[in-house]
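This report concerns only the one structure given below.
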There are 2 protein chains.
Amino acid sequence: MARKTGSHSEITGPRIRAEAMKLFARHGFAAVSMRQIAAAVGLQAGALYLYTPDKEALLFDLLKDHMDGLIAAWQEKRGGESPVGALETFVRFHIRYNGERPEAVFLSYMELRNLSPENFAVIEGLRRAYETELENILKAGQAAGAFLVPDTKLATMAIIAMLTGVNTWFREGGRLSRATVEDIYWDMVRKAVSG
Amino acid sequence: MARKTGSHSEITGPRIRAEAMKLFARHGFAAVSMRQIAAAVGLQAGALYLYTPDKEALLFDLLKDHMDGLIAAWQEKRGGESPVGALETFVRFHIRYNGERPEAVFLSYMELRNLSPENFAVIEGLRRAYETELENILKAGQAAGAFLVPDTKLATMAIIAMLTGVNTWFREGGRLSRATVEDIYWDMVRKAVSG
DNA sequence: ACGCTAACTGAACGCACGTTCATTATCAAA
DNA sequence: TTTGATAATGAACGTGCGTTCAGTTAGCGT
């Protein structure tokens, strides 16, 4: 085995994904060329194919990694709390985790249609799994009498849309801090599902 | 003046916009070619340039028409009601109007970045004007003691994100009717802004 | 010092893109 | 029936696309 220390491939792969994420998020998957990505990394276009079989796989990897990370982080965070406590944990987790990865979140909502049907199904399945986590909290709270929600699936979609929407307007260093935003959103969600 | 009755241009123009809307919404602006649009209408690509100066203007017209229509429809709907009544009117209006135009709404949220800075500013301004309508309702309700919202701008964004999110999952003929969805969302919004 | 291989280049492939334009078909008005 | 504008064609323009691949560079292990 040659080239262990200082191997470029362990550096170049992540850099390609990072630059691709930035460019896809900024201009859209279809509007970004392999040559643009390569130039951002400092390579010729052909070199990208040492790291990805094609352009779509590059997008898929970004989306898959994001969803896996999201779900794994939530599995670590969730506890055996009461329904209200669990909902608060979810709300704060979702705002914080997504707030730290605006580009990945943006991609995950905008570029799904550029995936093949098979890859689309994978990402869609992961998203559904994540949504189910919230729905289970709502179901448990409804059963325990802690929440009053006529339809848990609808409430799930409403809450997630509301929380994810933070990314469309929140700017670091703006009028409100992340913590304040978390507090206010949690207050709105809490009231929205209460009796 | 020749060609009055049966003039094609009065038919072809709208048909181009309709097919462009469908294709842009389905595949994304950058992924749709002028040749695809032309083929959907039954023309050669060159003929499109009798109706639009370029591809971006086609997108801009669609977005501008949508926003103008949205704001005009709201101006007709709004009345001199109480804050709670006005908020209910807004919630039901937003869900219904956007629900009837899923493609235009989708475009308005996804393809803004394909506009030139000048055109982007126009659409952004219209969107802000629409958001201000909701914020003014919340401000009035807060002042009158009908609502308890720590930050009206934040509540505005949260409510709009939640309502617009309906389009991502609602399907005609599904488990819930439009009217039921309206009712449940209004209930959640009402509780979320209450004291 | 040398061989080996991972890492990358640069040119090329065929194709599709947005846009332009000379030409042609169509049809109302005269 | 002629006229003249409107509506549309179809070929062409230069450009950039995703992807492939033979060849070149660089650096570790021996």
Side-chain angles (χ1 to χ4, degrees), chain A residues 1-24 26-63 107 111 113-116 118-119, chain B residues 1-24 26-63 107 111 113-116 118-119:
Chain A
M1 277 193 303
R3 276 283 187 102
K4 262 291 165 57
T5 55
S7 171
H8 287 188
S9 98
E10 284 156 24
I11 303 275
T12 306
R15 282 199 52 207
I16 289 173
R17 281 188 284 277
E19 295 295 341
M21 173 101 90
K22 260 202 281 194
L23 288 167
F24 288 162
R26 192 124 53 206
H27 307 292
F29 174 78
V32 173
S33 72
M34 295 299 266
R35 284 170 178 82
Q36 279 177 266
I37 299 168
V41 182
L43 295 173
Q44 296 300 315
L48 299 181
Y49 291 85
L50 295 169
Y51 301 92
T52 183
D54 53 38
K55 192 185 174 192
E56 194 212 307
L58 200 46
L59 174 62
F60 176 71
D61 280 355
L62 293 173
L63 300 187
L107 274 193
E111 305 294 356
R113 61 183 164 193
N114 290 299
L115 297 176
S116 69
E118 300 79 32
N119 285 342
Chain B
M1 279 194 303
R3 277 281 188 100
K4 264 291 163 55
T5 56
S7 171
H8 287 189
S9 96
E10 285 158 23
I11 303 275
T12 305
R15 282 199 51 208
I16 289 173
R17 281 187 284 276
E19 295 295 340
M21 173 101 88
K22 259 201 282 194
L23 289 168
F24 288 162
R26 193 121 55 205
H27 308 292
F29 174 78
V32 172
S33 72
M34 295 300 266
R35 285 169 178 83
Q36 279 177 267
I37 298 167
V41 182
L43 296 173
Q44 296 300 315
L48 299 181
Y49 291 85
L50 295 168
Y51 302 93
T52 183
D54 52 39
K55 192 185 175 193
E56 194 212 307
L58 200 46
L59 174 63
F60 176 70
D61 281 355
L62 293 173
L63 299 187
L107 273 193
E111 304 293 357
R113 60 182 165 194
N114 291 298
L115 297 176
S116 68
E118 300 78 32
N119 285 342

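In the text below, chain A, chain B and the rest are named by the order of the sequence lines, each starting its count at 1. The structure presented is a predicted model; accordingly, all values stated were derived computationally and were not measured.
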Between CG of B/Leu59 and C1' of C/dG18 the distance, given in whole Å, is 15 Å

Ignoring hydrogens and angles, tell me if any N or O in the side chain of A/Gln36 forms a donor-acceptor pair with the backbone of A/Ser33 under 3.5 Å. yes

What integer distance in Å separates B/Leu58:CG from C/dT19:P? 10 Å

Checking all strands, does B/Leu43 fall into the base, sugar-phosphate, or nothing category for heavy-atom contacts under 4.0 angstrom? sugar-phosphate

Given atom CG of A/Leu50 and atom C1' of C/dA6, what is their separation to the nearest angstrom? 9 Å

Distance under 6.0 Å and angle within 45° of ring axis: B/Lys55 vs B/Phe24: no

At under 4.0 Å between heavy atoms, what does B/Val32 touch on the DNA or RNA strands: base, sugar-phosphate, or nothing? sugar-phosphate

Sorted by position of nearest nucleotide on DNA chain C, 5' first, the leading residue of A/Ala47 and A/Arg35 is A/Ala47

Once you round it to whole Å, what is the distance between P of C/dC17 and CD1 of B/Ile37? 11 Å

Can you see if the side chain of B/Tyr51 gets near the phosphate of D/dA8 - specifically, an N or O under 4.0 Å from OP1 or OP2? yes

Side-chain contact check for A/Gln44: nearest option of D/dT19, C/dT9, C/dC8 is C/dT9

Side chains of A/Asn119 and A/Glu56: donor-acceptor distance under 3.5 Å anywhere? yes

Interatomic distance where CE belongs to A/Met34 and P belongs to C/dC15 [whole Å]: 20 Å

Heavy-atom distance under 4.5 Å between the side chains of B/Leu58 and B/Tyr51, does that happen here? no

Does a side-chain heavy-atom distance below 4.5 Å link A/Thr52 with A/Ile16? no

Quick one: B/Asp54 CG to C/dC17 P, roughly how many Å, whole number? 17 Å

Rounded distance in Å - CD1 (B/Ile11) to C1' (D/dA7): 13 Å

A/Ser33 side-chain N/O to D/dC17 phosphate OP1/OP2 under 4.0 Å: yes

What integer distance in Å separates A/Phe29:CZ from D/dG18:C1'? 10 Å

So, OP1 or OP2 of D/dA7: does either fall under 4.0 Å of a side-chain N or O from B/Thr12? no

For DNA chain D, whose closest nucleotide is more 5', that of B/Leu48 or that of A/Pro53? B/Leu48

